[in-house]
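Protein chains get the first letters and strands the later ones, always in sequence-line order, with residue 1 at the start of each. Just so you know, these numbers use all the heavy atoms, side chains as well, and skip hydrogens, waters and symmetry mates. In this text the structure is predicted, and so the values were computed from the model without any measurement.
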Amino acid sequence: MPAPVRRSADWIAVAPPPSGGWGPWLRGVYDRLLAHFGYQQWWPAETAFEVIVGAYLTQNIAWSNVDRAIRALRGAGLLEPAALHSAPPELVETLIRPAGYFRQKTRRLKAFLDHLFTCYGGDLQALLRRPADELRGELLTLPGVGPETADSILCYAAGRPVMVVDAYTRRTFHRLGAFTGPDTPYDAMQAFFHAHLPRDGVLLGDFHAQIVALGKEICVSRQPRCDACPLADVCAYPRERRAAAGGELVGTADRDHVQAR
DNA sequence: ATCCTGCCGA
DNA sequence: TCGGCGGGAT
């Protein structure tokens, strides 16, 4: 078995490819997910601004809670840049309270709107039209926007062909055997998908959604339901568990005991 | 008690 | 690297 490819600076935390390469393998993974879960209406939003607000609010929060906050903002007529920009912070805090971290998130939304009105006169489309790499860098300078939030905005608000990766992606693809470690950095994971999939925004956006569906229902952190998993035939994890348990699918494999990052 | 479509500051 | 942010669902 060849040694995993790891280089110091921009190390590629990717295992040796299966026969046929990662591209066809990844397509196979997506096709299985799509057949199992169906196309995901992943980001229920009517406007780009609504996507952006949701991207801030959903950080570390179940979407059901975000949905309450979004509906409250809509009911107050604040789901629009100028209105939210001029709304008193105390009101915003009250409305988004169900989404948790409501003081932090109010400050961060205000910071985004300050930037939007200072640099773009409040013209959201002008911001979203910028070249993808420049837009990403600009978003990352804003407080409360890390790589996942920035890429969610790029993909689901700006419609760019960008793969959003997250904790689900890290867990599942480490179990599948694609990443050599559970600590694979965000940018390395994203580069893996970008390198081996077509730059198609609909495909990448739905792939992320499929991964989340799998991570919530089947590839959960403890006691994953490998018996019901549509990826079991291309996954290293059930084989490892079976080997570790001497034939039975019980307990957990070594993969689970390393801290993710 | 734990988890949830993270990020930041110390 | 770790704790804080914080409410709602299970």
Listed partners of A:E80 passing salt bridge (Lys or Arg N to Asp or Glu O under 4.0 Å), at least two apart: none

What interatomic distance, in whole Å, is found between P of C:dG3 and the corresponding atom of B:dT2? 15 Å

Among the candidates B:dT5, C:dA9, B:dG6, find the nucleotide nearest to the side-chain atoms of A:N60. B:dG6

Shortest side-chain distance from A:W43, nucleotide among C:dA9, B:dT5, C:dC5: B:dT5

OP1 or OP2 of B:dT5 less than 4.0 angstrom from a side-chain nitrogen or oxygen of A:K216, does that happen here? yes

Hey, does A:N65 reach any base, or is it just sugar-phosphate, or nothing, if we go heavy atoms under 4.0 Å? base

Pick base, sugar-phosphate or nothing for A:L57, based on heavy-atom distances below 4.0 Å to the nucleic acid. nothing

Mind calculating the distance between OH (A:Y56) and C1' (B:dT5) to the nearest angstrom? 16 Å

When we call it a touch if two heavy atoms are under 4.0 Å apart, what does A:A99 touch: a base, just sugar-phosphate, or nothing? base

Need one value for A:V145: base, sugar-phosphate or nothing, where a base atom within 4.0 Å counts as base even if backbone is also close, heavy atoms only. sugar-phosphate

Residues A:D67, A:R71: salt bridge by 4.0 Å N-O rule: yes

When you compare the side chain of A:R107 with that of A:P143, does any pair of heavy atoms fall below 4.5 Å? no

May I have the distance from A:L142 (atom CG) to B:dC7 (atom P), rounded to whole angstrom? 12 Å

At under 4.0 Å between heavy atoms, what does A:E148 touch on the DNA or RNA strands: base, sugar-phosphate, or nothing? sugar-phosphate

Pairwise P distance, B:dT5 and C:dT10 [rounded to whole Å]: 12 Å

Can you name the nearest heavy-atom pair linking A:L78 to A:F49, along with the distance? O-CE2, 4.2 Å

Heavy-atom check, side chain of A:F207 versus side chain of A:T169, under 4.5 Å: no

If you compare every side-chain N and O of A:T149 against the phosphate oxygens of B:dC7 (OP1, OP2), does one of them come in below 4.0 Å? yes

A:R108 vs B:dC8: side-chain N/O to OP1/OP2 distance below 4.0 Å: no

Phosphate-side-chain proximity, A:R222 and B:dT2, N/O vs OP1/OP2 below 4.0 Å: no

Just how far, in rounded Å, is P of B:dG6 from NZ of A:K105? 9 Å

Where the side chain of A:Y168 is defined as all heavy atoms beyond and including C-beta, which of C:dG8, B:dG6, B:dC4 is the nearest nucleotide? B:dC4

